[in-house]
Amino acid sequence: MLNAEVAKIFRQLAIYEDMENEFFRARAYQRGAEALEALAEDVKEIYRRGWLKALEEIPGIGGSLAEKIEEYLKTRRVHTQEQFKKKLPLNLEELYAVEGLGPKTIKLLWEQLKIKNLKDLERAARLGKIATVPHLGEKTQEKILRAITFVRQTGDRKLLGAVLPLARALEERFRRLPGVTEAVVAGSLRRRQETIGDIDLLVVTTKPKLAHETFIKMPEVIAVKAHGAGRSEVRLSLGMDADLRVVPPESFGAALQYFTGDKQHNVELRKIAIAKGLKLNEYGLFREKKLIASRTEAEVYRALGLDLIPPEVRTAAGELAAAKNHALPRLLPYGSVRGDLQIQTKWTDGVSSLEEMARAALALGREYIAITDHTRTLAMTGGLDERGLARQAKEIDALNTKVVQGKFGDKNKKFRVLKGAEVNILKDGSLDIDDAALAKLDIVAAAVHTNMKMPRPEMTRRIIKALQHPRLHILFHPTGRLINKRPPYEVDIREVIKAAKKYRVALEVNAFPDRLDLKDEHVRLAVAAGVKLVINTDAHAPEHLRYLEFGEATARRGWATRGDVLNTLPLNKLLEVFRKKTIIG
DNA sequence: GCCGTTTTCGGCCCGACTGTTTTCAGTCG
């Protein structure tokens, strides 16, 4: 995917244009970069489909940017960027990542001290040279040194699953504080984005000073970055920043909307306000000086002629138009997945026994689970062969008998353990377990675990071949990515979605925090194509069973409804769907 | 440089905090 590469160049051009005081041109490059990053399709494909014209149809890309994309596709270079680089030979990627450094300061440091990269910057700061530059001083120099340290030790954004528990703890902590009536985490956390850059906590209180004092003295705080009357900002020991904003109760809705974002959604929302002769900011929606709406988010959206848009889909990807036409889908409610269909046990690479996993799932209110240990060719996990699956089936039968006899959990509660497997898709697209053994399972799922570096056409063919298998019900983690660790397989996801529809195979939304695979955009493509989804945790330990909500969040971000997700069904209905597919073929 | 139920020219989201400088530019979200 070249989108990210071109986007990076556009971001650099934006910085260079800012240095030249060409602010609007800079913004155009920025928006172009954002447009490319948000694109699910490869620009290379778009270009092949309709040349320059197709590129220009991307919102935010006009003639000039389209030509630069074309130039990059053909030569892997962009002349304009090279011109700038000749004039100002800076490592912008490094310098711009240093917090507090923007285009103007970077340019100033180049002109005054010939600083062109992070190393130069650090040396100059240590020697005390930065404090001697006009308009800069001691404090700026110290700030830069701290920011360099931060840049070196963090880097990646944190996983949603790693941050949400702390965010919830903060909400709880502040809700218990005297004077506080609201404490909500906004930002990318509230939108349940897959990775999180910082924590934005929004508080309504009669004692703002107490809230700010409490905030900057939290045990997790390692440094205070800002401390004002309305806003404080701290650095947390887990390697990210947190923001506290205290707002008055009458503007809570407007503030929550504003700080939830995302940025592009807010920009578009504000344009809608302007078109109606109104002004929207974090204090409310105004006509001239007159306040029109501010107390709740719903009130603000309604006053703009829109239905309330759930935070997860505020991505400037059609949700505003849908809200205007009352055409937003009713997103999958949290907690509506009834059963978890991917669970590993001690039989292979899980850490707990089958029974322990079952008990934990039951305790969380699941109505059914599928045990899906790995199969034979995955030697490193001790994958099960046909005989192993048969032995495991006996253990599952025994467990289900105990449930029926009321000897397992609450006998009034329904619970069932299904026989499944995470079958390995071999290099040629065949499955590594024979048909007779697959026929004995309640649920057959398959996934790619080996030969992950195949060229795109071959990998696509391989997965589609697997989808054609008459006994296959689910494709697990369809793209194989591990967030911040491993890129997805080279695979044409659109073709996979088409094939999943044709052969009636469900696609998994794997809820494990570093997978979230399918990802939100792909969920949306699948939903639009009418492909059914399944949300599973991929639990390898009892505590992983709680991850379901991250999968539900990802499905919501992809506009999925209850009807799109098979494991929201009661067990008998779910099995009926799977059986039908097998009988008809 | 992009874009159009205000416009093919003239707009482009908006406010808080910081630091350095004495009234505001730069950065950030």
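Chain naming here is simple, since letters A, B, ... match the order of the sequence lines and numbering starts at 1 in each. Quantities reported herein were computed from a predicted structural model and do not represent experimental measurements.
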Practice problem: If B:dG26 has a Watson-Crick or G-U wobble mate with both distances under 3.5 Å, name it; if not, just say none. | Solution: B:dC17
Quiz item: For atom P, what is the distance between B:dG1 and B:dT6, given to the nearest Å?
Solution: 27 Å
Practice problem: Return the value, rounded to whole Å, for the distance between atom CD of A:Glu268 and atom P of B:dC12. | Solution: 16 Å
Quiz item: Separation of A:Lys263 atom NZ from B:dT27 atom C1', in whole Å?
Solution: 12 Å
Exercise. Could you check how far CG of A:Asp243 sits from P of B:dC17, rounded to whole Å?
Key: 10 Å
Exercise. Return the value, rounded to whole Å, for the distance between atom CG of A:Leu202 and atom C1' of B:dG29.
Key: 13 Å
Quiz item: In whole Å, what separates the P atom of B:dA16 from that of B:dG11?
Solution: 25 Å
Quiz item: Among all residues two or more places apart in sequence or in another chain, which pass the ring pair (Phe, Tyr, Trp, His ring centres under 6.0 Å) test with A:His544?
Solution: A:Phe512, A:Tyr547
Practice problem: Can you tell me which residue pairs pass the ring-ring contact (aromatic ring centres under 6.0 Å, His included) test with a partner in residues 32-54 of chain A, sequence neighbours excluded? | Solution: A:Tyr47-A:Trp51
Quiz item: A:Thr479 and A:Asp517: side-chain donor and acceptor closer than 3.5 Å?
Solution: yes
Quiz item: Step by step, would you call A:Gln257 with A:Asn266 a side chain to side chain donor-acceptor pair (under 3.5 Å)?
Solution: CA-CA 8 Å; A:Gln257 194 292 314; A:Asn266 281 2; 3.0 Å; yes
Quiz item: Between atom CG in A:Asp241 and atom P in B:dT18, what is the gap in whole Å?
Solution: 14 Å
Exercise. Before accepting this row, confirm whether a basic side-chain N of the pair A:Lys68/A:Glu70 lies closer than 4.0 Å to the acidic partner's carboxylate O.
Key: no
Practice problem: List for me each residue that meets salt bridge (Lys or Arg N to Asp or Glu O under 4.0 Å) alongside A:Glu172, sequence neighbours excluded, and say none if there are none. | Solution: A:Arg175, A:Arg176
Under 3.5 Å, which donor-acceptor pairs link side chains of residues 16-26 of chain A to any protein atom two or more places apart or in another chain?
unit_1	atom_1	unit_2	atom_2	d
A:Tyr16	OH	A:Leu88	O	3.0
A:Glu20	OE2	A:Lys87	NZ	3.3
A:Asn21	OD1	A:Lys104	NZ	2.8

Practice problem: Take A:Arg173 and A:Glu220 through the salt bridge (charged side-chain N to carboxylate O under 4.0 Å, His left out) test and state the conclusion after the steps. | Solution: CA-CA 13 Å; A:Arg173 207 180 292 172; A:Glu220 295 90 348; 2.8 Å; yes
Quiz prompt | Close approaches to DNA chain B from residues 282-289 of chain A, in residue order (heavy atom, under 4.0 Å) | solution = A:Glu282, A:Tyr283
Quiz item: Does any residue of residues 113-145 of chain A have a heavy atom under 4.0 Å from DNA chain B, and if so, which ones, in number order?
Solution: A:His135, A:Leu136, A:Gly137, A:Glu138, A:Lys139, A:Thr140
Report each atom pair, protein N/O against N/O of nucleotides 3-7 of chain B, whose distance is under 3.5 angstrom.
unit_1	atom_1	unit_2	atom_2	d
B:dC3	OP1	A:Gly60	N	2.7

Quiz item: Ion pair present between A:Lys217 and A:Glu213, side-chain N to carboxylate O less than 4.0 angstrom?
Solution: yes
Exercise. Verify whether one side chain among A:Arg190 and A:Thr260 offers a donor that lies under 3.5 Å from an acceptor in the other.
Key: yes
Quiz item: Say you pick atom P in B:dG15 and the same atom in B:dT20; how far apart are they, in whole Å?
Solution: 26 Å
Shorter than 3.5 Å, N or O on both sides, protein versus nucleotides 22-26 of chain B: list them out with atom names.
unit_1	atom_1	unit_2	atom_2	d
B:dG26	O3'	A:Thr105	OG1	3.3

Quiz item: A:Leu244 has an atom CG; how far is it from atom P of B:dG29, in whole Å?
Solution: 16 Å
Quiz item: Would A:Phe24 count as stacked on B:dC12 if the rule is ring centres under 5.5 Å and plane angle under 30°?
Solution: yes
Exercise. Can you sort out the partners of A:Gln12 under side chain to side chain contact (heavy atoms under 4.5 Å, CB included), two or more places apart, ordered by chain and number?
Key: A:Gln81, A:Leu92, A:Glu93
Practice problem: Write down the distance separating the P atoms in B:dC28 and B:dT23, rounded off to the nearest Å. | Solution: 25 Å
Quiz item: Do A:Arg157 and A:Glu194 meet the salt-bridge criterion of a basic N to acidic O distance under 4.0 Å?
Solution: no
Quiz prompt | Interatomic distance where CZ belongs to A:Arg191 and C1' belongs to B:dG29 [whole Å] | solution = 11 Å
Quiz item: Who passes side chain to side chain donor-acceptor pair (under 3.5 Å) against A:Arg168, sequence neighbours left out?
Solution: A:Glu549
Self-check item: Lys/Arg N to Asp/Glu carboxylate O, A:Arg126 vs A:Glu122, below 4.0 Å
Solution: yes
Quiz prompt | Whole-Å distance separating the CD atom of A:Gln30 from the C1' atom of B:dC12 | solution = 13 Å
Quiz item: Does the distance from a Lys or Arg side-chain N to an Asp or Glu carboxylate O, for A:Glu99 and A:Lys225, drop under 4.0 Å?
Solution: yes
Quiz item: Taking NZ, NE, NH1 and NH2 as the nitrogens, is one of them in A:Arg314 or A:Glu297 under 4.0 Å from a carboxylate oxygen of the other?
Solution: yes
Quiz prompt | A:Arg27, nearest nucleotide to its side chain (from B:dC14, B:dC12, B:dG1) | solution = B:dC12
Quiz item: Rounding to the closest angstrom, what is the interatomic distance between B:dT7 and B:dC2 at atom C1'?
Solution: 13 Å
Exercise. Using the P atom as the reference point in each nucleotide, state the distance between B:dT27 and B:dT21 in Å, no decimals.
Key: 15 Å
Quiz prompt | Partners passing salt bridge (Lys or Arg N to Asp or Glu O under 4.0 Å) against A:Lys207 (at least two apart in sequence or in another chain) | solution = none
Practice problem: Map A:Tyr258 and A:Ala26 onto DNA chain B by nearest heavy atom, then report which one ends up closer to the 5' terminus. | Solution: A:Ala26
Quiz prompt | Of residues 64-99 of chain A, the positions that come close to DNA chain B - non-hydrogen atoms, cut-off under 4.0 Å | solution = A:Ser64, A:Leu65, A:Glu99
